Amino acid sequence: MPARSESSSPVTAARDTSKPYSRPPAKGTSVHVETPRASKRLGIPAPAKASLAVKANRPKDSRRNLPAVDKIDPSTVVFPVDVLSRSRFRTGRGKALTPHQWKVYDFILQIPPGRISTYGSISKTLSSSAQAVGNALRENPFAPRVPCHRVISTSLHIGGFQGSTDGIELERKVALCKREGILFDDKGMLVGGKDLLWSP
């Protein structure tokens, strides 16, 4: 019997179908896929509805895409002043502001350039708490028009800025204050001390 000629086509090994095949996602991204077809193939219960979720694992220091507020002209930032405009206002995340936030922002607008106030002092004036004031300023969508950079810790340390206590955001706070004649030493302490504090 003549020998069977070998095919010139490449031979492809059969994949072990008992093990699910998956290609690793791109670096920095986690992918979770649930579909009825995939569930049947893998032998797991199918979800009520097919879903596809892709989430990027961003480093903690870049979890918020914040604007370079030290490069923004304050006069170009629109700050609502009437009740109707404020009720319609939404942040970039689609959230409305609370009455407490508006109260804090209205007060901060009174701090003049070249002067500083503290979270503690503002909280006492507004019958609030330093933490609540800090939270409102961290979410301030009107910076630098609403000058939250003019608010520091009661200890006269520079404190934080836009939710960060170091990195690029704090550098922006330093830059904004320096532009107005407010300086901090290498340890982040206010140069000039209490003489620069402002009170209504």
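Residue numbers run from 1 in the order of the sequence given. Bear in mind that the values here come from a model prediction, so they are computed numbers and not experimental data.
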*Shortest non-hydrogen contact from Leu97 toward Pro141*: CD1-CG, 4.2 Å
_Within one Ile-Leu-Val-Met-Phe-Trp-Tyr cluster: Val81 and Trp102, side-chain cutoff 4.5 Å_ = yes
*Do Asp82 and Arg88 meet the salt-bridge criterion of a basic N to acidic O distance under 4.0 Å?*
no
*Would you check if the side chain of Ser121 reaches a backbone N or O of Thr118 as a donor-acceptor pair within less than 3.5 Å?*
no
*Can Leu183 and Lys178 be said to form a side-chain contact (heavy atoms from CB on, under 4.5 Å), step by step?*
CA-CA 6 Å; Leu183 304 176; Lys178 184 177 181 179; 3.7 Å; yes
_Nearest-0.5 Å distance that lies between atom CZ in Phe184 and atom CG in Leu190_ = 5.0 Å
*Locate the shortest heavy-atom distance separating Pro113 from Glu180; write the atom from each residue and the value.*
CA-OE1, 4.0 Å
*Test item: Gln101 side-chain N/O and Thr98 main-chain N/O as donor-acceptor pair under 3.5 Å*: yes
_Residue pair His100 / Ala132: nearest heavy atoms and the distance that separates them_ = CE1-O, 3.5 Å
*Any sub-3.5 Å donor-acceptor pair from Arg90's side-chain atoms to Ser87's backbone N or O?*
yes
*For the side chain of Thr91 and the backbone of Lys95, is there at least one donor-acceptor N/O pair under 3.5 Å apart?*
yes
_Shortest non-hydrogen contact between Thr125 and Pro200, atoms and distance_ = CG2-CG, 4.4 Å
*Nearest-0.5 Å distance, CZ of residue Arg179 to NE2 of residue His149*: 8.0 Å
*asked:* Return the CG to OG distance between Leu196 and Ser117, rounded to the nearest 0.5 Å.
replied: 12.0 Å
*Distance-minimising heavy-atom pair for Pro144 and Val77*: CD-CG2, 4.3 Å
_Return the OG1 to CZ distance between Thr76 and Arg145, rounded to the nearest 0.5 Å._
9.0 Å
*asked:* Would the distance check show the side chain of Asn140 and the main-chain N or O of Val146 forming a donor-acceptor pair, the cut-off being under 3.5 Å?
replied: yes
_For Asp106 and Arg86: C-alpha separation, side-chain torsions, deciding distance, then whether salt bridge (charged side-chain N to carboxylate O under 4.0 Å, His left out) applies._
CA-CA 12 Å; Asp106 284 336; Arg86 291 186 174 188; 2.7 Å; yes
*Atom NZ in Lys124, atom OG in Ser199: separation rounded to 0.5 Å?*
12.0 Å
_Whether Arg150 side chain and Ile116 backbone form a donor-acceptor pair below 3.5 Å_ = no
*Before giving the answer on side-chain contact (heavy atoms from CB on, under 4.5 Å), spell out for Phe161 and Val174 the whole-Å C-alpha distance, their side-chain angles and the decisive distance to 0.1 Å.*
CA-CA 10 Å; Phe161 190 57; Val174 171; over 6 Å; no
*Arg138 side chain vs Gln162 backbone, donor-acceptor pair below 3.5 Å*: no
*Describe, in one word, how the ring planes of Tyr105 and Phe142 are oriented to each other, choosing from parallel (under 30°), tilted (30 to 60°) and perpendicular (over 60°).*
perpendicular
*Is Ile72 reachable from Ile108 through a run of hydrophobic residues whose side-chain heavy atoms are each under 4.5 Å from the next?*
yes
*Would you give the length of the straight line joining atom CD1 of Ile182 to atom CD1 of Ile152, rounded to the nearest 0.5 angstrom?*
8.5 Å
*Verify, without hydrogens or angle tests, whether Lys173 (side chain) and Ile158 (backbone) share a donor-acceptor contact under 3.5 angstrom.*
yes
_Ser123 side chain to Tyr119 backbone, donor-acceptor under 3.5 Å_ = yes
_CA sep, side-chain torsions, deciding dist, call: Arg172, Ile168, side-chain contact (heavy atoms from CB on, under 4.5 Å)_ = CA-CA 6 Å; Arg172 289 171 177 170; Ile168 186 64; 3.8 Å; yes
